[in-house]
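Encoded as structure tokens, the structure appears first; notes follow it.
Order of the sequence lines fixes the chain letters, A, B, ..., with proteins taken first and strands second; residue numbering starts at 1 for each chain. Just so you know, these numbers use all the heavy atoms, side chains as well, and skip hydrogens, waters and symmetry mates.
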Amino acid sequence: MNACLPDIRSAVRIDCQGLGSLIAAIRRRGYQVIGPHLQDGAISYGPIQEIEDLPIGWTAEQGPAFYRLQRRSDSAMFQYAAGPKSLKDFIHPSEIRLFSAVREEGAFRILPNSDPAPRYAFLGVRACELAAAGIQDRVLLEGRYSDPIYRARRGNSIIIAVQCSAPSEVCFCTSMGTGPRAEAGFDLALTELIGPGSHEFVVEVGTQLGAELLSEIEFSDASPDLRNQAQAATQAAAASIQRRLDTNGLREVLRDNFDHPHWDDVAQRCLACGNCTQVCPTCFCVNVEDSTDVAGQTAERWRRWDSCYSLAFTYIHGGSVRVSTKSRYRQWLTHKLSYWHDQFASSGCVGCGRCIAWCPAGIDLTQEVAAIRAATNQTEGTK
Amino acid sequence: MISTQEFIEVTKDQDVLKAFGPQHLERLAELAEEVEFHRDQIIFREGDRHGLFYLILDGGVGLEIMTARHAVTLQTLHAGDAMAWSSLLNESGGAHFQARALTPTRALAFDGAKLRQTCDADPAFGYRMMRALLSLVTERLDVTRMQLLDMYATPGAMRA
Amino acid sequence: MSVPLHTDLSDPMLPVAVRIASVARETHDTCTLVTEPVDSGGLPAFQPGQFSMLYSYGVGEVPISVSGDPGVPDRLVYTIRSVGAVSGALVNRSPGDTISMRGPFGSPWPVEAARGRDVLLVAGGIGLAPLRPVIYHILRHRADYGRFTILYGARSPKELLFTKELKAWSAAPDTQVLTTVDTGGASWRGHVGVVTKFFRFVKLRPQQTVAMTCGPEIMMRFVMRELDAQKVADENIYLSMELNMKCAVGFCGHCQMGPYFLCKDGPVFRYAEMRRWMGGRHEL
């Protein structure tokens, strides 16, 4: 064990054993470690007890409507891009009880939830996911009201980021300015370096808590050469990203093309299944549902993820407002890339590409935007 | 007929006549009589061939239709509204509705047949007259459409 | 415009119980509930135009505008039209029953900004309820305002709200109340037709008029057209919007219309903000 505390913003080196010790150190502090593991044919986030739970030697190939696990020839742990789950699944859970109420002497009494918020340590978080959490912070914490569930879970959490060195075909974080390199928002950030006969991590220290965690495990100085290798890995990742979303004037392009014929084109393909909203790490919409037991003695209110693709989403006495698939796709994309700026002073998209990979129809928002842009420019050109 | 001066005086708030030139106003004055109705007075009944075209100056008139048992007000008309268009358009037609003064009401009554003859004889005047009529008809049609929407009844109708 | 917050900020989703002091039937489907505190804790003050989320035990929660007098403390009054399961359960409550509420939430009508000016209210159907606190406020401070005009349209005479009060309001100094219905029926001696027809003989002073309107969106669009023709500036026209609301604090995402969350940015908007999004520009 190192007696010294590494400086914040310094970088040190650990090996695989060190990573195992880090997981153990976090768990000793009473945190549940949530990291990548194999689940349902994907590399997903879930509980991690030890290093063997990580997807050692696995990666995944991704494309529009395409996700396949693949074996690697080495024992890398973090060489893949974002899977279907994100931090959202844990800090803004898909369903949670808001309160229960009991009937007493003709009236009823509201019982607030008293369960303490879980203490999560997230391992393997990518730059795009950190950006997404920052966006959700603005929605759920930093407005006039703040969501106590999100606040408790987010405030309690430890973030061990991983600098991305294996983006997939659907990634476009470079267009959104969110990655692949994480600069802040983490307690520790690992860069996995794997070569013939070597498997080690450069660890950047983001916070005091991160430094304290490192002080509990074996680490050594990261040589300048090793740090250069880590830098080069994310630089290579950035260079390898081919997909582009032209964000220049995008806010206005979408806002001003409400009646663009391309929306009809997308609506022909969109199934309105809502997958994109479920996997999107910034989509925050929820429904609030009330129920009672059969005897009417207890009632509960639950909050569940909702999707603007559902017909019921805009139901108001008399019917729904956004009836067509076209109107719902347009609402999702325009909200994400345009109205979000009005509401929360940034785009709602981090370029993780999940909505592209997990869309059963392979709808690719970068192409849809390009199509709207192209036709818009054409129209303007003929004026 | 009333004097042109008098006509201009009583119609000075009538937007529908704003586009009429002095000569045209003179023509209208020649065909106009000022009439008054007391509260509840039936001005004309459904089917009446009274031959008059009215422009309401003040007060209120209910356009009614008789059901088997009673009269139902379809719309209420006020200053600036015209009624009994049929007298202007169709020699043989009778009134489609019953008109009843809801309050003491003042109006200008025009001889429909003469007004039509004047329109035919002087297309410039006729064109002005028809434009004025069309704007009133359009407004009445808008009101009717809104009533048909029944927008207060069915919340869903607000998104029709 | 600053709005006081009374909901428990640590958990804006947690309702508090209130007791129903009285229930008044307004029409065949609409009731006015007067609510009072269950204990000595009191009830939050509200500003005209704000709404609460009313919870019927186990059935659900709906947004309902406060329709009472802002000058009367510790009473929150709601006029509720039965249009679904929750509103149906609420209108069937009896005095002494408990319901729960969160709020009041949302942006208010500009009663302070309108001080010293003429005020025009145009209401349609249940839309008179969210405007009633404005009427109470203005009549309570009558000398602070100029000409006061209330235009009100409803489906039929039996669906008119607050009929006794309408009569009383019209007797207030320099106050004109005009009511119209879409369908009159046999005994109705009043106006028949759309509320916008009143613009024909209501003489506005456009430079000094503040207009507030609440009703079906179609009606409000026609009102906007008339106000435009009368040269009332967009920034002096306010309207109250409605969409599906599930949380009232901007978390659930349901009530978005263009860039706005109707619950936290509204429900009262300036027409200048809303004009781009009205008339189905957010739908279909």
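Between the side chains of C:T32 and C:T79, at least one donor N or O sits under 3.5 Å from an acceptor N or O. Looking at A:Y309 and A:R328, their side chains never bring a donor and an acceptor atom within 3.5 Å of each other. A:S310 and A:S307 form no side-chain donor-acceptor contact under 3.5 Å, judged by distance and modelled atom types alone. For the residue pair A:S146 and A:R151, a side-chain donor N or O sits within less than 3.5 Å of a side-chain acceptor on the partner.
Comparing C:G250, C:G96, C:P15 by how many heavy-atom pairs each has under 4.5 Å with chain A, the most go to C:P15. Across C:E61, C:M245, C:R19, the residue that shares the most heavy-atom pairs under 4.5 angstrom with chain A is C:E61. Counting heavy-atom pairs under 4.5 Å between each of A:E289, A:E300, A:R301, A:H335 and chain C puts A:R301 at the top.
For residues 77-104 of chain C, the set of pairs meeting the ring-ring contact (aromatic ring centres under 6.0 Å, His included) definition, not counting sequence neighbours, is empty. Applying the salt bridge (charged side-chain N to carboxylate O under 4.0 Å, His left out) test to residues at least two apart or on different chains, none of the pairs has a partner in residues 44-55 of chain C.
Looking at A:R144, its side chain does come within 3.5 Å of a backbone N or O of C:K264 through a donor-acceptor pair.
With sequence neighbours excluded, the residues forming a ring pair (Phe, Tyr, Trp, His ring centres under 6.0 Å) with A:F313 are C:H254, listed by chain and number.
In this structure, chain A has no heavy atom under 4.5 Å from any part of C:S87. Using a 4.5 Å cut-off between heavy atoms, A:I110 touches chain C through its side chain atoms alone. Residue A:A267 does not touch chain C at all, counting heavy-atom pairs closer than 4.5 Å. For A:D306, the part lying under 4.5 angstrom from a heavy atom of chain C is the side chain only. At a 4.5 Å heavy-atom cutoff, A:Q136 makes no contact with chain C through either its backbone or its side chain.
The closest side-chain heavy-atom distance from A:Y150 to A:D137 is below 4.5 Å.
Contacts of residues 340-349 of chain A with chain C at a heavy-atom distance below 4.5 Å involve A:D342, A:Q343, A:F344, listed in sequence order.
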Exercise. side-chain hydrogen bond (donor to acceptor under 3.5 Å, both in side chains) between C:R93 and C:S56: does it pass, once the steps are laid out?
Worked result: CA-CA 9 Å; C:R93 296 295 162 151; C:S56 182; 2.6 Å; yes

